[in-house]
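Please read these numbers as outputs of a predicted model, since none were measured by experiment. Worth knowing before you read on, the calculation uses all heavy atoms, side chains too, and leaves out hydrogens, waters and symmetry mates.
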Amino acid sequence: MIDFRYHLVSLVSVFLALAVGIVLGAGPLKEPIGESLQSQVDALRSDRDTLRTNLDAAKGNIDKQNEFVTAAAPDLIKGALKDKDVSIISAPDADSEQVEEVSNRIKEADGTIAGDVSFVPNTLTLTDSTNFLERLRTIEPNLPEDDSTAIRAALVIALTGNASMLEDADDREAAGEKSTKLYDAFVEADRLRTDTDHKTTELFVVIDDENSTLAEETEPSPEASEDKATRTLVTDFVTALTADAASVVVAGDAGSAQNGLVNVLRTEKSRASTVDGLGLGAGPVITVRALAAGEDGTHGHYGFADDAEEILPAKTSETEKGDAK
């Protein structure tokens with residue numbers, strides 16, 4: 001059994017060690033320790049100042065590049081969308097400035113913004129959709145039997161006026177005539193937000209959420225047992241839209257290219273064209289060029305990310321006509 005003397009010796013040893021440490025720290029080791037710490041602090045300050053200088057230089061370069069792109073934009077996109085109607089579809093958390101920049105470039109390319117709509121989180125989901133689906137099927141009884149597919153098909157019809165998902169040609173024509181009613185159904189059910197009147201178009205720009213993480217959203221909605229993951233709902237919609245539109249471009253920032261919708265569509269080899277770099281001045285310009293190229297039958301993945309095929313597509317015939325004028 002351990003007696004009191006053992007505890008006493010242990011306590012004395014601890015206090016002696018502390019005393020030795022204090023003596024050494026205040027005496028012969030004081031200067032080496034102090035100098036070492038000061039040296040590390042000075043090195044960290046130097047690294048901080050260097051990083052700050054490099055960051056300021058990088059921001060300055062980006063500002064200059066944006067100024068260059070702004071000045072060169074008329075030569076790059078003038079006439080690219082002459083007399084064309086374009087719809088912009090924004091994700092629920094899309095950056096409003098990025099949307100505005102794309103809109104301005106479309107107008108600068110002599111195009112017209114015929115539709116400007118924003119998705120909400122439940123635009124395509126089955127959550128609380130019983131009454132909504134009933135209304136859609138009342139407007140268009142020939143929608144697909146699968147509820148998720150029916151919502152997607154109804155939205156594509158509302159935006160494009162086309163209905164390739166319906167098998168019978170007569171049904172497709174009739175559905176096209178009902179596009180305004182379907183569009184109004186989405187708006188009135190708060191599944192679509194818009195400030196513009198309804199007009200079907202063949203050209204679409206889909207703008208992803210800012211710093212999108214759609215690539216991670218692989219779980220279905222907990223509110224609806226038969227629902228699909230947001231990622232699947234969105235990519236299926238884009239695929240359906242490309243079947244009934246002349247050109248679809250999905251654009252996003254660097255986050256979208258890394259972990260968002262742009263990344264997902266590039267991985268899945270989507271028929272939609274994609275553009276990264278909306279946070280830069282060149283992004284909206286590339287988006288316009290990609291939209292025009294898509295109408296001419298050229299689809300690709302453009303921008304600055306590693307998986308982009310090239311920075312921007314070649315000029316289309318319409319762009320060259322605009323240059324000639």
Side-chain angles (χ1 to χ4, degrees), residues 66 81 85-109 111-125 152 155-156 158-160 183 186-187 189-196 198 201 203-217 221 229-242 245 247-266 270 272-291 294 301-305 308:
N66 286 336
L81 298 173
D85 291 329
V86 180
S87 286
I88 297 177
I89 302 173
S90 304
D93 295 318
D95 186 297
S96 58
E97 291 185 2
Q98 294 178 7
V99 176
E100 184 178 4
E101 281 298 310
V102 171
S103 178
N104 290 339
R105 294 305 183 197
I106 289 171
K107 295 173 185 176
E108 198 169 5
T112 301
I113 305 299
D116 187 352
V117 301
S118 296
F119 277 17
V120 295
N122 70 330
T123 294
L124 297 166
T125 70
R152 181 168 67 249
L155 184 54
V156 170
L159 296 172
T160 67
Y183 183 88
F186 275 90
V187 174
D190 292 326
R191 286 181 174 246
L192 206 62
R193 294 174 183 168
T194 182
D195 294 325
T196 58
H198 176 252
T201 63
L203 307 181
F204 292 87
V205 175
V206 180
I207 299 179
D208 195 14
D209 288 327
E210 184 179 17
N211 298 316
S212 173
T213 57
L214 190 67
E216 299 175 357
E217 298 183 23
S221 167
T230 303
R231 168 177 171 170
T232 303
L233 291 172
V234 174
T235 53
D236 283 352
F237 166 74
V238 171
T239 299
L241 187 62
T242 60
S247 181
V248 178
V249 175
V250 177
D253 55 19
S256 181
Q258 183 176 6
N259 202 29
L261 182 56
V262 169
N263 172 270
V264 172
L265 294 176
R266 289 177 177 178
S270 171
S273 293
T274 61
V275 173
D276 62 74
L278 277 194
L280 304 173
V285 174
I286 299 171
T287 300
V288 168
R289 287 277 287 266
L291 191 63
H301 305 296
Y302 310 104
F304 306 98

Under 3.5 Å donor-acceptor, [X] side chain and [Y] backbone:
{"X": "D208", "Y": "L261", "answer": "yes"}
{"X": "D195", "Y": "D116", "answer": "no"}
{"X": "D276", "Y": "A305", "answer": "yes"}
{"X": "S256", "Y": "V262", "answer": "yes"}
{"X": "S103", "Y": "V99", "answer": "no"}

Side chain to side chain, [X] and [Y], heavy atoms closer than 4.5 Å:
{"X": "V264", "Y": "V234", "result": "no"}
{"X": "R105", "Y": "T287", "result": "no"}
{"X": "T235", "Y": "L265", "result": "yes"}
{"X": "F204", "Y": "V249", "result": "no"}
{"X": "V86", "Y": "T201", "result": "no"}
{"X": "T230", "Y": "L214", "result": "yes"}

From [X] [atom1] over to [Y] [atom2], what is the distance, rounded to the nearest 0.5 angstrom?
{"X": "T194", "Y": "I88", "atom1": "OG1", "atom2": "CD1", "value": "11.0 Å"}
{"X": "L192", "Y": "L159", "atom1": "CG", "atom2": "CG", "value": "6.5 Å"}
{"X": "S212", "Y": "N259", "atom1": "OG", "atom2": "CG", "value": "7.5 Å"}
{"X": "F304", "Y": "I286", "atom1": "CZ", "atom2": "CD1", "value": "4.0 Å"}
{"X": "L291", "Y": "L81", "atom1": "CG", "atom2": "CG", "value": "5.5 Å"}
{"X": "L155", "Y": "L124", "atom1": "CG", "atom2": "CG", "value": "6.0 Å"}

What are the two closest heavy atoms between [X] and [Y], and how far apart are they?
{"X": "A308", "Y": "Y302", "result": "CB-C, 3.9 Å"}
{"X": "S247", "Y": "G294", "result": "OG-CA, 3.4 Å"}
{"X": "P284", "Y": "G281", "result": "CD-O, 3.5 Å"}
{"X": "R231", "Y": "E217", "result": "CB-O, 3.1 Å"}
{"X": "T123", "Y": "F186", "result": "O-CE2, 3.9 Å"}
{"X": "A240", "Y": "V156", "result": "CB-CG2, 3.9 Å"}

Applying side chain to side chain contact (heavy atoms under 4.5 Å, CB included), run through E100 and N104 and close with a yes or a no. CA-CA 6 Å; E100 184 178 4; N104 290 339; 3.8 Å; yes

Who passes salt bridge (charged side-chain N to carboxylate O under 4.0 Å, His left out) against R191, sequence neighbours left out?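 Testing R191 for salt bridge (charged side-chain N to carboxylate O under 4.0 Å, His left out), a comparison that skips the adjacent residues, returns none.
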
Mind running side chain to side chain contact (heavy atoms under 4.5 Å, CB included) on V288 and I106 for me, showing each step along the way? CA-CA 6 Å; V288 168; I106 289 171; 4.2 Å; yes

With sequence neighbours excluded, residues passing side-chain hydrogen bond (donor to acceptor under 3.5 Å, both in side chains) with E97: none

CA sep, side-chain torsions, deciding dist, call: Y183, V117, side chain to side chain contact (heavy atoms under 4.5 Å, CB included): CA-CA 11 Å; Y183 183 88; V117 301; 3.4 Å; yes

Check the surroundings of atom CD in Q258: do more than 12 heavy atoms from other residues, nucleotides or ligands lie under 6.0 Å from it? no

Could you walk me through whether D95 and L278 pass side chain to side chain contact (heavy atoms under 4.5 Å, CB included), step by step? CA-CA 10 Å; D95 186 297; L278 277 194; over 6 Å; no

